[in-house]
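In this text, all values refer to a predicted model and were calculated from it rather than measured experimentally. Every chain is numbered from 1, with letters handed out A, B, ... down the list of sequences.
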Amino acid sequence: MKRPRKSSLAEMASRINLLLLLFALETARIASAQQYESSELQITSPANGAVVNPGQMIAVVVTPSSGVTLESVGIVGTSPIGFSRVVRLEPFQFSIAIPAATPAGSYSLTAWAKDSAGQTVVSAPVTIEVP
Amino acid sequence: MPTIRPFILYPLVVFILTAASARTARAQGIYYNTPESGGTAGTVQQLGIGTLVGGLTYPTGLAFDGQGNLYFGNSADPLSFQVMERSPAGTVTTVATFSAGGSVALGPWAYSIAVSPSGGVFYNTPTYTDGGTFRGEILEVGGGVVVSGLSYPTGLTFDSAGNLYFVNVTGPASFQIMELPIGTTTPVNVGSPVSVSGSISFGAWTYGVAVSPSGSIFYNTPKGGSTPGTIQELGVGTVVNGLAYPTGLAFDAAGNLYFGDSASPANLQIMELPIGATTATNVGSPFNATGSIGLGLWAYGLAVQTPTVTLVDPVPQLIAPTSPPATVTDPNTLATSGRTVSGVAADGVTELVLRISASNVDDQLTVSLFNDQGKLSTSSNDDGALGNPGDASFSENEMTLSADSTSARPMAFAVYRAPIDFPRASGQDASSSSRFVSIQVADAASGVTTSIPIRILRPPVILVPGLWSTRTAWNDFAPLYSVGLFGTVSADSRFSVTALSYDIPVGSLLSASQPSYKQSVLASIHANSLGFQYNANIVFAAIANSIGGFKNGANLNNIQVAAVQADVVAHSLGGDIIRYLALLPQSSQPTLFARGNVHKVVTLDTPHLGSPLATALLMNANSCTQGLLAYFGDIAVASVTFKFGPTISNGAVGDLSGAGTIGGALSPELTALMQEGPYPIPTALIAGETNSGNEEDLDSAEFPAFAQAVCGDPLAIDLSPSVWDMNLFDDAPNDAIVPLSSQLDGLPTTQGVVFSLDPATGYGYIHSLGTEALGFFLPSVDTSQAVSSEVIDLLNTPINNSQFNSLSP
């Protein structure tokens, strides 16, 4: 039976005192989620401010910047929209369902991807309006 | 066969009055009756307590004797009447019956009862025919006719010397106040008040009489035409105006007058006219008929038990900031301050001041605590205990007190401490929402004994959610608590359950966080992402607010009670927060007797020793998954910086960081919980444990697939069958979020209840419904009926059972 590998996380946990890791944290050691925001990709459809109805399917298109290669791309919508499937080859097109029970309001869509260097990159959000 | 004259086939209003003799200060023991209506039986009730006698038809004429026996009448029809006795132990017997031989005449189908100072029980008949002669009578139980030849007597009452007073009604709008001096057989008219002006609604022909402690005679008049009903003092005039159909006058010993007032046959208000006042206030609207009242039986009676024991919540006015805190000892303060209640929460901390009126200074009063079997209590744990004002511990079941001089009147004082828990060890309380003990006071000088019940309530149950959650986390926690599609709350009828949240938005108050998030994420942070201390303050206030409502009637019995603490069911982070409450300075305030506001807690999957997952979430290597979760409001922070006020607060995930095992690394706040605090909180531990079935979909579930594809960080990659257990928990049992050892605070499994196999699915139990979103299969502990039922069992388990652990705090 194949024994799963020990991740780097576990290796770290076994090597260092987690208490010290957490509570003697210098700012530099704490990750920043916003560090992934990148101009390497954009959501080119729908347009910012597009109006969509509950129960509607919307097409979302992600376009890499010139010269950028993306290896896997997915869409994250604020709750209750959720995750899309992950697309690994261009064109990066998605069909996102807006749940029928979605309350009126503004929701954002963000594209998350890995580039050819294996780095996570995140697009600027696009806002959609549910009337 | 007896006949009923046609005119009583109209709605007949009959109020029957009963004024018990009164000897003591403002009464708490107010008793009244309700008539049969809409298929609901008539009852005798104690105001603020509930039904004492059910299954009646048309009761009325309430009166106490000096031994605490309550007498009342019950009529199945206008021609018959039973005199019934309820003993202090609750036994009901019929002591006399009356049956008219012919027909009952015009209107006042009014029966009343009075007990003489020597214990004789007297009652009246209406005018009825017997052999062609109309006659109304007053009879003594066991002694026959005392007075005959009356018109329509009612409203019998004695003064303290044994003189009997009553109303003799001669027509719907005219009446006489009669006195039967003690030892005589011929009543004399001591007042023929002016006839009531205007026509009286047929059937609303209600009269009552009461004698004040100083000997003044009071009576009522019903509304006539546009002239309102009144309370009058004989020879003086109107005392209270603007009433409808008052009746049932009764004084307490301090001279406060109580009476009923009804605007229609179907409702009753209990009114109080404090001594010296001219305005009566509504002290209870205890009855609204659910259907029509039977013909002519609009009969309400009222009685005040004497001598009176008043139950007083000492919080906050009667609490001294001593160490340890206790009630004040000054008699004048004890006599005049505090809030009158009729019950306590069984939390082992709540105290009641027993304010006992006496006739004279230095009167000797024996106060005894009886259990619900009518026996002198033998268990201070089960029944509570007695002590003196100023005491910090209580162990007595009987005390002899000496009455003090107070600004109000001679009084004696004792303090009752509540039982340590609602359920008793033998399990007899499992199906109840309340139970009773009683306080008996025997006046050595007069030989009079009074008994007053104390209703024992379960402490309110507060549900506290976990990390990133709101009260909606409890929406599917039946049978204890659930919320339906349209927000309809369903809770187990034995418990007074409230789900609280600590999810107030705080993002606008923040300038930074560690780890740092983009402004839009930071602005969306709620308090449920912050640490133990920050949320303990919120939760403390929320519990205090809930207890405040409970004390003021928002309980299953809708009565005023004294209560200091609540029972808590806490999920995950909520359990740590509850334990942290003991470290807050406000938990040591005197009004909580320095014991906080939590009686006992059941923790569900709480990381008492932290979780390696919390540690991992804050690691730089996992910042992508961390950011992905933050997108959905699950914001992991080690700390936040406020723009104003306290500059830095811990984050919840930071506080939850720990190895999960005894001796392992712990956050400073978890370390603080391990230290001995000011008092222990009895804690029952429920834990969940997964098996491979819960993880079998991890490879294909939405979140892991997405996180692995776009993040690929260690935490995302670990979201895989068996890898998760190995890399996060070193293959130790866990609920997918928290190691089992942490859920059990490092104690052996015998000290908690572990849910590890759901027979329906074959799966184990995951941490929460939210854990399902990570790709784990349900069931979860916070949506499991089995877990909810176990929580109910633990709420029905006394805190001195070994299932409750004394954690520090």
*Which residue out of B/C711, B/S520, B/A705, B/A773 racks up the most heavy-atom pairs below 4.5 Å with chain A?*
B/C711
_Consider side chain to side chain contact (heavy atoms under 4.5 Å, CB included). Of B/T690, B/L774, B/I766, which one does B/I737 pass it with?_
B/L774
*asked:* Looking at chain B, which one of A/L70, A/T78, A/D115, A/V73 has the largest number of heavy-atom pairs inside 4.5 Å, strictly under?
replied: A/T78
*Heavy-atom distances under 4.5 Å only: say whether A/V86 touches chain B with side chain, backbone, both or neither.*
side chain
_So does B/G660 get a backbone contact from the side chain of B/S741, meaning a donor-acceptor N/O pair under 3.5 Å?_
yes
_B/S513 to B/V637 - nearest heavy-atom pair and separation_ = CB-CG1, 3.9 Å
_For a side-chain hydrogen bond (donor to acceptor under 3.5 Å, both in side chains) check, start with the C-alpha distance between A/S108 and B/Y631, then their side-chain angles and the critical distance, and finish with the verdict._
CA-CA 10 Å; A/S108 68; B/Y631 205 75; 3.0 Å; yes
_Heavy-atom proximity to chain B below 4.5 Å, by part of A/I81_ = neither
*asked:* Donor-acceptor pair, distance only, cut-off 3.5 Å: does the side chain of B/Y534 make one with the backbone of B/S529?
replied: no
*Between A/R88, A/R85, A/Q119, A/K114, which residue shows the highest count of heavy-atom pairs closer than 4.5 Å to chain B?*
A/K114
